[in-house]
Every structure is written in structure tokens, then in C-alpha cells.
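Report on the following structure.
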Amino acid sequence: MASSSKATELTAAEAYELPWVEKYRPLSLDDVVGNTDTIDRLKVIAKDGNCPHIIISGMPGIGKTTSIHCLAHALLGDAYKEGVLELNASDERGIDVVRNKIKAFAQKKVTLPPGRHKIVILDEADSMTGGAQQAMRRTMEVYSNSTRFALACNTSNKIIEPIQSRCAILRYSKLTDAEILKRLVEICRIEDVQYNDEGLAALIFTSEGDMRQAINNLQSTWSGFGFVSGTNVFKVCDQPHPVAIQAIIRSCQAGNIEAALEKLTELWDQGYSAVDIVTTIFRVVKSFNELPEYTKLEFIKEIGWTHMRILEGVGTIVQLAGLIARLCKFNMKPELFQL
Amino acid sequence: MAPARNASRTKPKPSTLNFGSKSGAGTSKTKPLSQVSVSVGVDKGKNKQVASVTAGDDRLWVERYRPDTRDELAVHKNKVEEVARWLTEAYSESSHGKFKKYRRILTLTGPSGAGKTATIRVLAKALDIQLVEWKNSIDDIHGGVDSAIGDRESLISKFNNFLNRASAYGALEFTSTSSSASSPSNKRLILLEDLPNILHTATRDAFHIALEQFVLAPTSTSCPLVIIVSDAGTRGESGGDNGASWRSRVNDAIDVRMVLPKHLQNSPYVADITFNPIAITYLRRAVHSLLSKHFASLASSYGHNRPPSQDFVDSVLESSNGDIRSVLMTLQFATVVDLPNTRKKGEKAKRTAAILQSMTQREHSLQLFHLLGKILYNKRYGDDPLDEAEEGPMPSAPQLPNHLMEYYRRPSKVDPKVLYADSPVDTSLMTLYVHQNYTQFCDEIDHARGVCEWLAMSDLYSSNDMPGLTSEYAFYVMSAGTIHSLPSPVPRRSQKTVKPEWFEAVRKTRIAEGQVEDIGNRLSTLAVVHVSRSAIGTEMGKILQLGWVPDLGQGWEKEKIGHDAFSNLPFDPHSTVSHQGGSSAPNPVTLDEDEERDAFDTTPRSEPAEPGAMPMRVISGWFREDDIEEY
């Protein structure tokens, strides 16, 4: 996994600072975190060549694009520039582009060592239209002698069947907290960041398995406050502190609506938006061990409803207070409500 | 969530800490790369030989082991025979030569990887037919995308010319010709696989006109045409986020109905042969012969790469849905590294499973059924007192208040959060699978009611404008709600989890809708009263079954229109889709069933009548005045 020796060379003090996500983006497959089984295979392919068409699918921020880049660099080395065509969702990728640009690239002659092929990288491939994907499938087949495709996407079922059929499909699983933590600690060490444990825990909580977000938040907290503590992280991420939310939930469970509403008002007065608050409530509740299974299920159902209303435009404190009230009522004796 | 490190505060900032010299970013960027390639090479030197071997032949397995003879094809014999028959008839000059006139267009449809292209190529070779293949060319003049200058030939007019030339002047060499036979034969066959962009209406119309002209060209100077269309359904049918988007997505998919002009679809000039997913017996045979060939060629030079274990191949095959190309891709990728044969036994199974999991092949794959099993088997602590020794004591759970005690459940071993992260498909598709299968796991009507209620609730979360933002709620409520409502422990009665019938239903709906539309068109050409779609669908079925055909006069006279998909719908309370395996039952796909399906399932497009008249099914009809006798 991550050995940071290569990244170290980049850390020469610079006048302006690169985003750490870029600065510490792994350059070789050895540095990519997690999913060892799949990456081991990619490493061998990187060495031996003859890369099949691949689709890598998985959540954001778990290294899909990074691994494809690493693979392409390892395979092509100096020829990367001529040998790789990269298109992502921001590029135009309609049928025309597929038909002309990709095909022209596939027909292009590039001198490569044996076992090496040109690579077409299609990032966020699930956002391509069905027609564009259709237009691509023959190209994949006809030019497979000289060109291989590497696709990254969030869910593979947005890729049409004929393309799935032509690719080896690799699924990246979510990074574990430990894997993210390890990387964060490394970066902290190299960048000489001051932190405490709550700070790192908060980073992991807010990132939800997304390495990119974790590193971004780390950098923002560090450059904003000069110290990575739990409170600072939540301030930077502009999210209510989960401890405050936990207190609300505990009050709800005890049926103490006054206390719960008081804490809610406090958060509201601090300027958090309804979406922020409801999102954090959801995150807290789904991993809150003090709730019995059924309570959790009913709570999440209610939170979901409120979230939907807020998304539809009614981001008011009334909605949140209503949510709190319903949560409180759930645990109170029904007799109390009888007239 | 607590970090492993317990140093609550790191060392104070050191005064100077220079990492590397102040080398420019440009040079240092390339440096690590070269380092890497060197260090890796040294690391595992034994694999170096592989490079030299694979370098000799770096094609994909799919290309390298393309079948050459009919025996090597993994397709069902009858299917190959059908195609071969069509081809022979198309070129025959003998007594059956009357058919020749109608053997103009053959469409091969079916899921991808079912061997459509391979069959045509093999047969063409065997029958000594030269394949002339159309490829969408990029712009010859500029090659670029942005430089659209006035007088260039549009793609569709190129296509038109291609068809005309291929029909009229057989001897010419075309720019887009790829002759598969080394010695040019005078029998030619046009192969259309790379279709022009028929999603674009104007292009589609032009394409249709081209096909119509082609059909009418005299056979003496022309040659038959084969169109290969693979089903690309899933994208449009992935569970349907909601009605509206489903409709619009369906139009994305290309199917036969779109490729062919309307009145060619049922005409005798067009025949359609549908390929089924390859039956697993054929698949296994083909894969094994391929693997032994592959590894024999490797082993002769050195003995390090071992073929993958039987179990591994089997599980890949099972999850492949009969898609041979996908199997080969997966296997090629998997065997890059030695599979864990040499490791200790207990570990081996685990590792194999892990590898498989990380390479989930298709959507309807092991992973999905694995998750489904996790939800539906609803394992909880204390299900079996004997297990307690292994899994440790039941974790203490917080209590529910008294009035809710009926909802108490023993702590679950399944965490919906983890399931959400592991799910290879989107929430609506997962919900569809649960919905298809949950009843087998319920004991009482109350259990089923509970699951239903939660599924309905989960569906509501996807009903807003931004289903993406609330899909996690939908998933949580779906999985946790199901888990909570199912009995505990779930009774074991060898349940089989299956693929949702929904897909089959949608397929049938589309066929039926198409037929209704055809008949509607026919009626409106007759210029009788306008008959609404619903009237055709609900009231005309009986009339059509009696054999009444709207009489158009002239050439269309007795051409039959299919109506079986909506005119005759027997009630079948036990219809289940039986072709997908489950995670719990390791080998649910019985082979016979599959082969049977392969042989008898497909109903001919335009030949519903005359039962039992043919020894094998006749692909399409003919006009009455042609005086062709049934044989």
C-alpha cells in the first residue's frame, strides 16, 4: 500500500500550494490504497502488458480514476502522451465524438513496445448516452489489436450490456476507515500537520469512505485553523457537530422534546441550513449504536421524509422541529396522547 | 471510528524539515515513474518470462481463440443449422431456389456474447462465402471532428452507395471491404454490424429507405444482407427510477424494430433468428478446451502458470448469464496472476471468493445474489444456540419502550450500511430483486405485509426529482425494513432466489406493443375507421385469432401480422422465471432446461399458423402467387 517516498519529492516548499489531493495522488499502482486483490492483478498487467478492456466501478473517491492513470503510466511510460486518449464527462462525448475522435485515435499509429496498446480512458462512463455507447462497441472490437479501453463509472448497470460483455468488470469496494486513516496520518506526517485523534475521527466521519474528500477536508482545516481538531473539522466542512446531533437524538429517545428543540434551535441559530442538519442527523442515526433496530428504522424513515421535503424547497426550521417532534412521540407512551 | 493512534498531539513543528531538494515539479514528476517500473521488475523476476511469451501474441483471448469450425462453436446445433439453412437457400439455384428471392435480409438478434457474429463468420467460411462488411468510416478528408466543411459525403449517403455498389457491381473492390476468405469467391454476403446512427431520426429514415431499395434489387446481381443486433436492454430497463424516465430511456435502446423499416418487419424478405444465451454445458465445454489449449502452450515453455481451478471456472460460468465473451474476458484477467491454488486449503476458498467478489462480472452476478441472500436469510444472533461458541455472545442491544415491545428482534448480523456500500447495482434494481423473492422467506401473511409496506415506503423515496440524493434512504429502508419484517429465524426450505420476472414482462410488453402498433398501422392504411390502440389490444384479439387479416390488395395480400403476444394471454398463476441462479443454491440452473429452451422457445416472427407442417420451423412466409409448396 501507500509508501510515501515518491510523494515526498514533490513536497519541496512551494510558493503556492497544490491541492493535496493532486500532490499526494498516487503515481504508481503500489501506492493505491485498498482493493488489494484487484490491484495486484493490475500490477501484473502493468508489467506484462496486454491489458484487456476494463470497467472499474465503485463509489466516488476510492481510486478508480487514479488506478487507471497509474496503469496507463506504467504501461506506456514516456509514450503516455501519444498513447492515451482521455475523455471525461466534461468533454463532449456524443455519438460524433465517439465516431470521430475515438475512432481516429484508434486508427492512429503509435510505435509502442510489444504487448503495449494505446489506451482510451473514459472517466464517468455511466454518463455517456446509450447511443454513444452503442457507437463505441464496434470500435472496441475492431481495434482491439491496437487500442484498449479503460472505463470508470459509479454503477456498472448504466453501461450497456454489449460493452459490459466486452470488458473485464472490476468492482472497487469502499475503503475502510483504517485505510483512510493510514493515508491521512502519512500526509499529516509529511506535511507536518498538527492534529489530535478527534480531528482524524471527524475527517473520517465527514468523508464517508471518500478519500478525496478526506484529504481535501484535511487540507482546508489545516490551512484554515492550523490545527486539526474535531471542532475545527466540522467548522470547515460546515457541518453541525455530530456530538450535538447525538445529544438531540438522545433527548428524542427519552421523549424530552424541550431539550431536543432547544439544541436544534441552537444549531439553527449558528446558521446551519436545513439540509446540513438533516444530512448530519441521518449520518449520525445510521451508525448510532444506542438505538434499537426498530427505532432506527422508524427514525430513518422519518428523516428521509423530512429530507425529501427539504429538497423540495421547504428548508425551514418548522420542518426540522416537526421531525424532532415525531421522533420524540415515537418513544412516548401512546396513552399520553389519548384524550 | 476512533483512530488507532493514541498520540493525542504530534510533536511540535520542527524548525526545518526539507523533503528533497527544491527540484522543479516537472522533473520530479517523471522520476518516480521510472523508479517504479524498475523496482517492480526486480521484485518479481519470475514473471518476466511471461512478458516474453505474451508479447508473441498479445491479442485478447476473445480474438485469439475465435472459433474456426462449426464444431468449435458453442452455439446450439439447431441454431447454427437454422442460419446455415438460410444461407444455403439464399445461394441455392436448385429446386428450392424459389426461396432465393426471399432470402434477402437476415437479422440475428440476441443478448451479447451469444455467438451471433461468430456463427456467421464460421458459416461464411464453411460455405465459401465472402463477407463484405460495412464499417462506419470517419471522415476521410479531415479526420478531425470540428472541421465541418460543406461538400463532404454524409455517412448515410456513403452507406447508401455502399449498399448499391455491393448489390450492383459485385466485382469491384470497395474501400470498406474486408474479405475474410483468402481466395475471393463469387458468393458474397453483406454484413452489417456497425449500424449508422439510427437513433437520429433523419439518419434512420434514410437508412430505412436504403434497406427497402436493397430488398427490391434483383437477386441475380445482388447478394443477401445480414444484420446483427444485440439486445442492449439493461440500460433502459434497470428497474425504472420512475415511469417517465423509463419511457425515455427505452428509446435509447436499439432493437430490431428500430433497425428495420416498418413494413419490412413482417415481410417475407426479412427473417429473424434469435440467439439465446449459451447453455452452460456448451459454455463449459468451450471454455475447458480453450483453457487446456492456452495453458498447454504456456506450459511447454515453463511450468509456472497453472490453469484456474474447476471451482473458479464454474463460478465464473454460472454468473456469466451465458455470455461467452464476458467469461473469456473475466478469465483472462483472473489468470494474470496465479490463482491461489498453492495456499492452504481453508484460505483458498476464501481467497477465491474474494477475487470473484472484486471482479463482479455482470449485474446479475454472484455479488448481487450474495447481498440478496444476506437480506433474505435475515441472520440474527441467537438463531442457533450451537453457533454461540463461534460467534461469541449476543451483543447487548438497547431496549425498546414497553409499548413497542412487539417490534423487538434479536440483534441482526446484517448491517444495511455495509450492504449499501457493497451493492453493485442501484437501489431500484436491488429492490426489484427483493420484491421478486421475498415471499418464499415469509411464514405468515403478516411477514409479507411488513416487507411489502417497507418496499413501498422505499419506493416513495425515489419518487422525487432527485432520486440520487435520497437513494441511500431508499436502500436503508428497503433492506432494514425487509430484515425487520421477515421471520426470525427464516425457515430453510431450499429457497431459490431468481431474477425478477419484471424483465421478461417488459420484454413481452414491448413485443405486444409493437404488434398492436403494426395492426394499427395496417388498419389505418385501409382507411377504415380509426381504431384506438386499446381497442385493438382488448377487443380485436379474437378476430385476429380466427385468421382475419386486413386485406390490402396487391403485394401485401396475405402477409401475416403477428398478434400472438397480446391476443392470447392465458392465465398462468405459476409462471416463474427459472433461469437465474441463487447464492444459496450453488447450481440452480439445470442444463436440460436450458437446452430445451434453446431448441423450442423462440417463436418465429411471422409464422404463427400451420402447426406441424414443417419438419423444422420455416423462417418466414411467402406470397401466395409464388406457388411455393410446403414440403
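Chain identifiers are assigned alphabetically (A, B, ...) following the order of the sequence lines, protein sequences preceding nucleic acid strands; residue numbering begins at 1 within each chain.
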TODO: Pick one of side chain, backbone, both or neither for A:L184, based on which atoms fall under 4.5 Å of a heavy atom in chain B.
DONE: neither
Open item on the list: Looking at every heavy atom in both B:L460 and A:M308, which two are closest together, and how far apart are they?
Closed with: O-CE, 3.5 Å
Task: Heavy-atom pair of closest approach, residues B:M329 and A:P52 - done: CE-CB, 4.3 Å
TODO: Show your working on side-chain contact (heavy atoms from CB on, under 4.5 Å) between A:E293 and B:L400 and close with a plain yes or no.
DONE: CA-CA 9 Å; A:E293 183 185 339; B:L400 279 165; over 6 Å; no
Open item on the list: Please identify, among A:C51, A:G209, A:G304, the residue contributing the most non-hydrogen atom pairs under 4.5 Å to chain B.
Closed with: A:G304
TODO: Mind checking the OH-CH2 spacing from B:Y473 to A:W305? Nearest 0.5 Å is all I need.
DONE: 12.5 Å
Open item on the list: Check whether B:H484 reaches the backbone of A:Y294 with its side chain - one donor and one acceptor, N or O, closer than 3.5 Å.
Closed with: no
Task: Residues forming a side-chain hydrogen bond (donor to acceptor under 3.5 Å, both in side chains) with A:R138, sequence neighbours excluded - done: A:E141, B:E133, B:E193
Task: Test log, rule side-chain contact (heavy atoms from CB on, under 4.5 Å), inputs A:K296 and B:Y476 - done: CA-CA 10 Å; A:K296 206 187 248 188; B:Y476 193 99; 3.1 Å; yes
Open item on the list: Taking every non-hydrogen pair under 4.5 Å, which of A:S173, A:C167, A:A46 racks up the most with chain B?
Closed with: A:C167
- [ ] Kindly say whether A:K301 contributes a backbone atom to a donor-acceptor pair with the side chain of B:Y461 at under 3.5 angstrom?
- [x] yes
Open item on the list: Could you go through B:L404 and A:F330, starting from their C-alpha distance and side-chain angles, then the distance that decides it, and tell me whether this counts as side-chain contact (heavy atoms from CB on, under 4.5 Å)?
Closed with: CA-CA 9 Å; B:L404 295 174; A:F330 176 76; 3.6 Å; yes
- [ ] Please examine the side chains of A:Q164 and B:D323, heavy atoms only from C-beta on, and report whether any two atoms are closer than 4.5 Å.
- [x] no
- [ ] Decide side-chain contact (heavy atoms from CB on, under 4.5 Å) for A:F282 and B:E472; before the verdict, give the C-alpha distance in whole Å, the side-chain angles of both, and the deciding distance to 0.1 Å.
- [x] CA-CA 10 Å; A:F282 178 50; B:E472 195 173 352; 3.7 Å; yes
Task: Spacing of CG belonging to A:L297 relative to OG belonging to B:S479, to within rounding of 0.5 Å - done: 9.0 Å
TODO: Could I get the full list of side-chain contact (heavy atoms from CB on, under 4.5 Å) partners for B:K417, not counting sequence neighbours?
DONE: A:K286, A:S287, B:D415
- [ ] Against chain A, label B:W61 side chain, backbone, both or neither, depending on which of its atoms sit under 4.5 Å from a heavy atom there.
- [x] neither
Open item on the list: Please give me the minimum heavy-atom distance between B:Q332 and A:N50, naming the atom from each residue.
Closed with: NE2-ND2, 3.5 Å
TODO: Could you pull out the closest heavy-atom pair between B:S112 and A:S165, with the gap in Å?
DONE: OG-CB, 3.7 Å
